[in-house]
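Step one of this worksheet: look at the structure below.
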Amino acid sequence: MSPENTIAFARNIIRTECAAVERLEGYIDERFVEIAETIFRSRGRLILTGIGKSAIIANKIVATLNSTGTPAVFMHAADAIHGDLGIILPDDIVICISKSGNSPEIKVLVPFIKQMGNLLIGMVGNLDSFLAQHSDRILNTTVAEEACPNNLAPTSSTTAQLVMGDALAMTLLKMRGFTAQDFARFHPGGALGKKLYTRVRDLMSDEGAPQVAPEATLNEVIIEISGKRLGATAVVEPDSGKLLGIITDGDLRRMLQSGRDIAAVRAQEIMSAAPKTIPADELAVKAFRMMEQNKITQLLVLDPERNGAYCGIIHIHDILREGVM
């Protein structure tokens, strides 16, 4: 094919699959509501099964359900009739996924599930099929055609199954009131987990909490900044512990360029008052956003367990090094 024909062909595949997904909207009705509410009230798990490409889709839906608060297990239809039926417990609900609903494995499996007394939901693309006729509930995933030019390779049909699974999983998520904090508990690893789970206190520098008194000399300020290697120091009232300001490397450079008498300079004269602060138990991703918005590279950290007392500095490099962003 010419490049132009290849582009046109690929775009048509996408249009065909989009049409299949749009068609699903008309299948969401009171029967979908009943299925979602039944699963929500269930004391058991969801068992998803299928054969061929539908089995692959079932695996993905299981992963989505588990990560959003609905316990789910994958059971391959072929393995089920060779011993894996033992996975199914009395309170479990079974979702069987199939385009045709008439594959040999499905015809063998379905009667055994019915004998066990479990609720059977058929996610099926043929409402006249064996699976549709023997299911207690139906999730309709009928498509007009596959995107395959021969109308054979599962394309539109598997896309429809995947989207219907997402619709069900997200509906259940909404019913459960599943929050970002709940999501974080199930995703502690990787960049996503770090964004939802890592807090400022977890990333605060172990170089200590640099601080000087307001009457500290320039020499004392430089020693504190250099010794703690954070590029800044807090200015704190010695008696009350009140945070007064911050002195950064930039403040020092600007003071030196001003031509002032270095020996006479005191910390309170060159500090930036009302520094940007963040609680130690705040999410690190929020600290990063504050730094971006204010075009700064560090924040002073306050400890809510000590009435908001200054407890250290978090630097943008701490966040980037940990891979939170």
Side-chain angles (χ1 to χ4, degrees), residues 6 8-36 39 46-68 70 72-81 84 93-111 113 119-172:
T6 299
F9 178 81
R11 286 177 174 173
N12 185 62
I13 299 300
I14 294 173
R15 282 194 295 269
T16 302
E17 295 205 16
C18 286
V21 170
E22 288 179 357
R23 187 171 182 173
L24 290 181
E25 189 175 351
Y27 303 153
I28 304 298
D29 53 20
E30 291 77 9
R31 288 167 292 187
F32 179 89
V33 174
E34 184 180 358
I35 289 171
I39 295 171
L46 268 181
I47 309 295
L48 278 84
T49 187
I51 194 79
K53 305 299 186 297
S54 295
I56 297 172
I57 298 300
N59 249 317
K60 190 277 176 186
I61 296 173
V62 163
T64 300
L65 289 164
N66 281 326
S67 70
T68 53
T70 300
V73 177
F74 172 69
M75 178 184 69
H76 197 282
D79 293 334
I81 58 179
D84 278 6
I93 295 173
V94 180
I95 297 180
C96 186
I97 305 177
S98 174
K99 178 192 176 183
S100 71
N102 288 317
S103 61
E105 294 85 357
I106 299 298
K107 287 185 175 181
V108 173
L109 175 61
V110 166
I113 295 174
L119 181 73
L120 176 62
I121 299 170
M123 184 184 293
V124 61
N126 179 2
L127 300 185
D128 296 322
S129 65
F130 181 88
L131 175 59
Q133 292 172 1
H134 290 83
S135 294
D136 299 299
R137 307 281 190 278
I138 292 176
L139 289 169
N140 187 359
T141 52
T142 302
V143 298
E145 60 179 332
E146 297 288 6
C148 167
N150 299 315
N151 198 28
L152 294 174
T155 45
S156 299
S157 58
T158 47
T159 299
Q161 293 167 355
L162 182 61
V163 172
M164 183 63 78
D166 284 344
L168 181 60
M170 295 303 101
T171 300
L172 291 167

Legend entry - Other residues, nucleotides, ligands: >12 heavy atoms within 6.0 Å of K53 NZ: no

Legend entry - Approximate separation, where rounding is to 0.5 Å, of I81 CD1 and I113 CD1: 10.5 Å

Inset, instruction - Specify the closest pair of heavy atoms between L172 and A36, including all atoms of both residues, with the distance to one decimal. - result: CD2-O, 3.4 Å

Inset, instruction - Identify the residue among V21, T64, I57 that makes a side-chain contact (heavy atoms from CB on, under 4.5 Å) with L162. - result: I57

Inset, instruction - Of all the heavy-atom pairs spanning I13 and A147, show the shortest one and how long it is. - result: CD1-O, 2.9 Å

Legend entry - Inter-residue atom distance C96.SG - I106.CD1, 0.5 Å rounding: 3.5 Å

Legend entry - Closest contact, heavy atoms only, S135 versus I138: CB-CG1, 4.3 Å

Inset, instruction - Indicate yes or no: at least one non-hydrogen side-chain atom of L48 is less than 4.5 angstrom from one of L65. - result: yes

Inset, instruction - For residues T49 and L109, determine if any side-chain heavy atom of one lies less than 4.5 Å from a side-chain heavy atom of the other. - result: yes

Inset, instruction - Compare every heavy atom of F32 with every heavy atom of L139, then report the nearest pair and how far apart it is. - result: CD2-CD1, 3.7 Å

Inset, instruction - Would you check if there is a donor-acceptor pair between the side chains of S100 and N102 at a distance under 3.5 Å? - result: no

Inset, instruction - Could you tell me the separation between the CG atom of N12 and the CD atom of E17, rounded to the nearest 0.5 Å? - result: 10.5 Å

Legend entry - Approximate separation, where rounding is to 0.5 Å, of H76 NE2 and S54 OG: 10.0 Å

Inset, instruction - Find the distance between NZ (K99) and OG (S156) and round it off to the nearest 0.5 Å. - result: 8.0 Å

Legend entry - Heavy-atom side-chain contact between R137 and L119 under 4.5 Å: yes

Inset, instruction - Would you tell me whether S157 and E146 have side-chain atoms, one donor and one acceptor, within less than 3.5 Å of each other? - result: yes

Inset, instruction - Could you tell me whether the side chain of T68 reaches within less than 4.5 Å of the side chain of M170, counting heavy atoms only? - result: yes

Legend entry - Reference residue E105; test side-chain contact (heavy atoms from CB on, under 4.5 Å); the match among V110, D79, I51: I51

Legend entry - Note, I95 side chain near L168 side chain (heavy atom, < 4.5 Å): yes

Legend entry - Interatomic spacing from CG in L24 to CE in M164 - rounded to 0.5 Å: 4.5 Å

Legend entry - Heavy-atom check, side chain of I121 versus side chain of I39, under 4.5 Å: yes

Legend entry - Contact summary for C148 and T155, nearest pair of heavy atoms: N-OG1, 3.3 Å

Legend entry - Modelled atom types, side-chain donor and acceptor of E145 and T16, under 3.5 Å: no

Inset, instruction - Kindly say whether N140 contributes a backbone atom to a donor-acceptor pair with the side chain of T142 at under 3.5 angstrom? - result: no

